[in-house]
Participant: 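I'd like to ask some things about the structure below.
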Amino acid sequence: MKLYKYASPAMFYPVAGKMIPWFAIPAALLFAVGLYVGFFVAPTDFQQGDAYRIMFIHVPAAWMGMFLYVLMAIYAGIGWAFNARLSSMMASAIAVTGAMFTLLSLVTGAFWGKPTWGTWWAWDARMTSTLILLFLYAGFIALQAAIDDPRRADRAGAVLAIVGVINVPIIYFSVQWWNTLHQGATIRLLGKPSIAAPMLTALLIMLAACWLYSVAIVLVRLRCIILEREQNASRLAEVNA
Amino acid sequence: MLRWIVWRDLILAWRRRSDILSTVFFFVIVVSLFPLGIGPETQLLRSIAPGVVWVAALLASMLSLGRLFANDYQDGTLEQLLLTPQPLFLVVLGKVLAHWIIAELPLVLIAPLVGVQFDLSKQTLWVLFVSLLLGTPILSLIGSVGAGLTLGLRGGGVLISILILPLYVPALIFGAGAVEATIIGVTPAPNLYLLGAFAVVSLLFAPWAASAALRISLE
Amino acid sequence: MLRWIVWRDLILAWRRRSDILSTVFFFVIVVSLFPLGIGPETQLLRSIAPGVVWVAALLASMLSLGRLFANDYQDGTLEQLLLTPQPLFLVVLGKVLAHWIIAELPLVLIAPLVGVQFDLSKQTLWVLFVSLLLGTPILSLIGSVGAGLTLGLRGGGVLISILILPLYVPALIFGAGAVEATIIGVTPAPNLYLLGAFAVVSLLFAPWAASAALRISLE
Amino acid sequence: MRGDRRLFRGLDLSLSPGTYVQLTGPNGSGKTSLLRILCRLLEPAEGEIRWEGANIRSLGEDYFTAVTYLGHRPGVKDELSALENLTIANAVNGVEVDTENASGALQTMGLAGRERLPARFLSEGQRRRVALARLLVSNTRLWLLDEVLTSLDKRAVGLVRSLIEEHLNRGGIAIVATHQELELSAGVTKRLELTT
Amino acid sequence: MRGDRRLFRGLDLSLSPGTYVQLTGPNGSGKTSLLRILCRLLEPAEGEIRWEGANIRSLGEDYFTAVTYLGHRPGVKDELSALENLTIANAVNGVEVDTENASGALQTMGLAGRERLPARFLSEGQRRRVALARLLVSNTRLWLLDEVLTSLDKRAVGLVRSLIEEHLNRGGIAIVATHQELELSAGVTKRLELTT
Ligand code: HEM
Ligand SMILES: Nc1ncnc2c1ncn2[C@@H]1O[C@H](COP(=O)(O)OP(=O)(O)OP(=O)(O)O)[C@@H](O)[C@H]1O
Ligand SMILES: Nc1ncnc2c1ncn2[C@@H]1O[C@H](COP(=O)(O)OP(=O)(O)OP(=O)(O)O)[C@@H](O)[C@H]1O
Ligand SMILES: [Mg+2]
Ligand SMILES: [Mg+2]
């Protein structure tokens, strides 16, 4: 089983090294194209002027933040169930990237909100659930950081991620429901305006770029984690020899 | 044997009655801090009362959860509990049940009294009581997972809170929502049903996750 | 030698950076829970913001205080610190100073960001920042007394809170009062002066009381 | 128990009833880890442990009816009296012991007159004796004792020795990790020395 | 130290330089309490302790420049390396030790190659060795050591013996609470047996 062979961290390390450019370079290219289309080709919005262009970062970031959480939970779960170290490391690597995208969508959302709504923040359902998602990432990362033994950290993280993933839909809907109960939202998100074709193109390109970037950065981070753990292990082995 | 685990924890709690009192006091103090920090307008206070009481309950239960397994862990009893001839999730369930009786039930009972400070109506107090009665088991159940995961870690107190507070959000929304609904004259029923459903989901998953967490922490 | 104690605690905290982050996140999470419990109306939220932020700061600092002496106590380092040839209150002062840098300063820095969530004006955010900068040393100082008294006691987490939360009340009233004043357009100066005075009083008495508490706890 | 192997030491061992295994070795050589693997608190990295022919993982909770493990920490609750500690610990294990038997066991362990004192008033050595009293009332066949002589004075060490001898005579197995020697007059003694 | 009395035991003792006191007695007989009284962590219920003629209470913090106490718990921080543990513990005591001396002391204690490893990766015995290294770099005259041999293997026990012997030869005083015997070839050995 060739695949099985690559599931060992030590074997995967060089493979990951080779894979990184294949994702990083297209990511860079697509970012360049996407930003160009988004900022220069796409027409100015008749309501919001140019402020809406922040969407090209905001929306992919928000999507990535949510997808990556699920992906992280899946990897962590596989790592736990099958004792696959590489999979667990993958989960740890994804967590930071996911948290970063979530934070990015919060920040860009806030910068978008200021010109359009006149406020940095409102307790809108989507914003709130994104914020909670960030907290969930933070919990996962903090838990893993607090545990010295990497194997134990992996498994504890897996339990938390799985519990979190079961909860995410519940949280999402409860927040949705919470906000609409009190008031018809004073300000709605853009809704679904018929987006101009260049806008949609730019959005999709940016989304693809974010995906490629995520893969590349996760691989980089994975390599760091592998290296760090091997070093720790060999340092201990050396001393105990 | 489940019976004995609950019984054991109740005896232990009774020997340390002051802990129970401390949790109740903490709850009361946190709730009372708000009028101090916010100012005395009755109207304002009444409209924030459900949120404040519920958040205080969350925090109080979270603080007491730090002790759910910690004492047993420190003196080696938890290892022994893992080695009893019965499924681990029953042990967890027993301890969670005891924790609810010890740490949450008193809050539920005292909450209407605290609500009076905020000038809530009789009916609202009643809904507050019911919402807490339905909601606090969720806190104990989900909290047990966090308590299991953070066992033996430094900085456990803060860590457990950032793990479980986000997971408490639905309970908070439905619970406080039910009370809020009563205040503005709407029926609290849907909120209470949702709260009950969430409690059932927690009951199904939490003991299982908590026993997994315990095994991991004790390795 | 004071220098070395502060330095030691800072190194230790740096080795466990995640604890610092956890405290900050706890603060942010608690603040965010209130809107979830209370509802999203901007007007209402703005008027409770000072109270909420200050109460969250109180709770966050209280949680981190549990660790002020506990880790050193558990591994026997605290005994050794008591046996150093220097007045005990200097040791306490060093540890409190380190605690403030590690656990309170990050809250002070993040608070304005949190305030943005409540749609506070620029000037209000500024006053919030200053009030916390003046007020958080009080929390560390008074908290050290509680931490010393509850050292090694079970249920320390809850116990410490009921000991020191009542003592925090003046800080809360002046601190939240200053922000409140700014919101309604009055000068926050008197509140801030009172807060400063209270800080000085704490600085004079707390280290002394905390060292007495430590001696008692270690007997 | 029939066979056990351990990755970084290559350990293979099968024990018959009446065997006493003295587990020695310098600090950090893995004594505690081995005992914890034997009672399933730890997973072995490789290899398996069999009890009466069956892998202990497949035995599930039933395995624990045959095993008593006493670890570094005595597992005695400060708030309970010696007597309560003993009876409740057993009840949780599904073995209900009546008060008479329990106080008999405590008396044997030299705790006469202190049975009803909360354990926090007992000295470290006396607390360990409370934990050891569990061996007297249990009817498990495999004893896993970790550093069981810590903080015991000479009288208590003698008590432990005779406890283990009786256990071996009844056909039990005892695996004891210790830095101190324990000369037994009964059963088969095996010495297992771990190295770092 | 000139005189010490203890309410429930009536203890009166004066020690001259170069004396080794071996404190024995069954569990709970008060060994730890006595040592803690001697380093002012506990107040004696009655009687007083004098150091060079002066009551130690009146000596204030100066007394601590003459005393090193090692208790049940080693006082080693998990997050710091062995080296940092040693240097910082001394710096806090007002004795700044340079890295060279410190790692020399750690090497003597058999920790060569592990000086820079965070202490949490050390085994229990090695952590105690880090604590003992403080005895090598300190220049205090009175050593109060509580159960200092706990969890040490034989090599380490030999090290501790020679450490104490050197200390006595330099005119120091050592009071050691222990269940195990420690045969010294230097200094005056006094045995103090406490009873329950
Ligand atoms: C910090 C504040 C904000 C956060 C956390 C946030 C979060 C999110 C999230 C999670 C999504 C994806 C959700 C989904 O597809 O269901 C999203 C999409 C979107 N957001 Fe935001 N948002 C914020 C502010 C804003 C603002 C101020 C605007 C514009 C006025 C905005 C406009 C949009 C648009 C147009 C989409 C795409 C909607 C769709 O295609 O369904 N967001 N945002
Ligand atoms: N949780 C852990 N994380 C990392 N390493 C560990 C852990 N527990 C044990 N070890 C390592 O495993 C080795 C064996 O430890 P173990 O506790 O089994 O030793 P021991 O023989 O019981 O020692 P002692 O005589 O001190 O009780 C040690 O070198 C230790 O460093
Ligand atoms: N904090 C305390 N509260 C009440 N009694 C105590 C306390 N500390 C010690 N004692 C009692 O004082 C007596 C002496 O205890 P001490 O710890 O000095 O004994 P020891 O000789 O050091 O025992 P060991 O050999 O277990 O270390 C014991 O009987 C104990 O019950
Ligand atoms: Mg061991
Ligand atoms: Mg002692």
Side-chain angles (χ1 to χ4, degrees), chain B residues 1-22 67-99 102 148 151-152 207-208 211-219, chain D residues 32-33 35-45 56 59-81 83-97 118-120 124 127-128 130-131 134 138-140 142-144 146-147 150:
Chain B
M1 287 178 270
L2 180 66
R3 185 170 55 91
W4 275 104
I5 289 171
V6 179
W7 183 233
R8 190 191 76 113
D9 278 19
L10 291 182
I11 295 184
L12 287 174
W14 182 246
R15 297 275 156 90
R16 311 206 132 257
R17 283 171 291 255
S18 62
D19 280 5
I20 306 180
L21 271 181
S22 308
R67 279 170 298 154
L68 180 57
F69 302 117
N71 287 346
D72 282 348
Y73 174 70
Q74 270 160 17
D75 60 20
T77 326
L78 194 58
E79 278 175 358
Q80 298 293 343
L81 286 178
L82 252 74
L83 301 180
T84 55
Q86 61 193 296
L88 186 53
F89 81 85
L90 271 187
V91 176
V92 171
L93 207 62
K95 288 191 70 71
V96 169
L97 185 58
H99 176 264
I102 298 158
L151 202 59
W208 171 84
S211 21
L214 276 185
R215 283 206 188 284
I216 292 164
S217 292
L218 276 180
E219 278 236 327
Chain D
T32 302
S33 310
L35 289 180
R36 290 173 72 85
I37 286 177
L38 289 177
C39 66
R40 284 217 336 231
L41 282 173
L42 266 179
E43 287 292 312
I56 56 170
L59 282 175
E61 275 82 25
D62 293 337
Y63 178 53
F64 297 132
T65 56
V67 179
T68 300
Y69 167 75
L70 292 185
H72 275 287
R73 283 166 297 188
V76 170
K77 304 266 5 150
D78 274 354
E79 294 87 355
L80 301 180
S81 71
L83 200 60
E84 288 168 324
N85 260 302
L86 189 56
T87 49
I88 293 185
N90 275 292
V92 168
N93 264 306
V95 185
E96 307 212 358
V97 184
R120 67 165 169 278
E124 194 56 30
R127 295 158 60 84
R128 285 210 81 94
V130 176
R134 289 186 51 203
S138 79
N139 46 9
T140 52
L142 175 61
W143 288 1
L144 305 169
D146 196 0
E147 303 276 3
T150 310

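If you're wondering where the values come from, they're calculated on a predicted model, not measured in any experiment. All chains are named by letter (A, B, ...) in the order of the sequence lines, taking the proteins before the strands, and each is independently numbered beginning at 1.
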Participant: For the atom pair CH2 (B:Trp4) and CG (D:Asn93), what is the distance rounded to the nearest 0.5 Å?
Facilitator: 12.5 Å
Participant: Check whether any side-chain heavy atom of B:Leu83 lies under 4.5 Å from a side-chain heavy atom of D:Leu41, and answer yes or no.
Facilitator: yes
Participant: Taking atom CG of D:Leu80 and atom CD1 of B:Ile11, what is their separation to the nearest 0.5 Å?
Facilitator: 6.5 Å
Participant: Select one option (side chain, backbone, both, neither) describing which atoms of D:Val76 are under 4.5 Å from chain B's heavy atoms.
Facilitator: backbone
Participant: Taking B:Arg8 first and then D:Glu84, would you say they form a salt bridge - that is, a charged N and a carboxylate O separated by under 4.0 Å?
Facilitator: no
Participant: Can a salt bridge be assigned to the pair D:Asp78 and B:Arg15 using a cut-off of 4.0 Å between side-chain N and carboxylate O?
Facilitator: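 Between B:Arg15 and D:Asp78 there is no salt bridge, as every charged N stays at least 4.0 Å from the carboxylate O atoms.
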Participant: With side chains defined as the heavy atoms from C-beta onward, is the minimum distance between B:Thr84 and D:Phe64 less than 4.5 Å?
Facilitator: no
Participant: With a 4.5 angstrom heavy-atom cut-off, could you sort out which part of B:Leu78 is near chain D: side chain, backbone, both or neither?
Facilitator: neither
Participant: Tell me, for D:Arg134 versus chain B, whether the close heavy atoms (under 4.5 Å) come from the side chain, the backbone, both or neither.
Facilitator: side chain
Participant: Please enumerate all residues that pass ring pair (Phe, Tyr, Trp, His ring centres under 6.0 Å) together with D:Trp143, with sequence neighbours excluded.
Facilitator: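 Only D:His167 meet the ring pair (Phe, Tyr, Trp, His ring centres under 6.0 Å) criterion with D:Trp143.
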Participant: How far does CG of D:Asn90 sit from CD of B:Gln80, to the nearest 0.5 angstrom?
Facilitator: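 Interatomic distance, D:Asn90 CG to B:Gln80 CD, rounded to 0.5 Å: 10.0 Å.
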Participant: So, D:Arg36 side chain and B:Leu218 main chain: donor-acceptor pair closer than 3.5 Å or not?
Facilitator: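 Yes.
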Participant: If I take atom CD from residue D:Glu61 and atom CG from residue B:Leu90, how far apart are they, to the nearest 0.5 angstrom?
Facilitator: 9.0 Å
Participant: What's the spacing between D:Lys77 NZ and B:Asp75 CG if we round to 0.5 Å?
Facilitator: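 Interatomic distance, D:Lys77 NZ to B:Asp75 CG, rounded to 0.5 Å: 4.0 Å.
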Participant: Look up atom CZ in B:Arg215 and atom CG in D:Leu42, then write down how far apart they are to the nearest 0.5 Å.
Facilitator: 12.0 Å
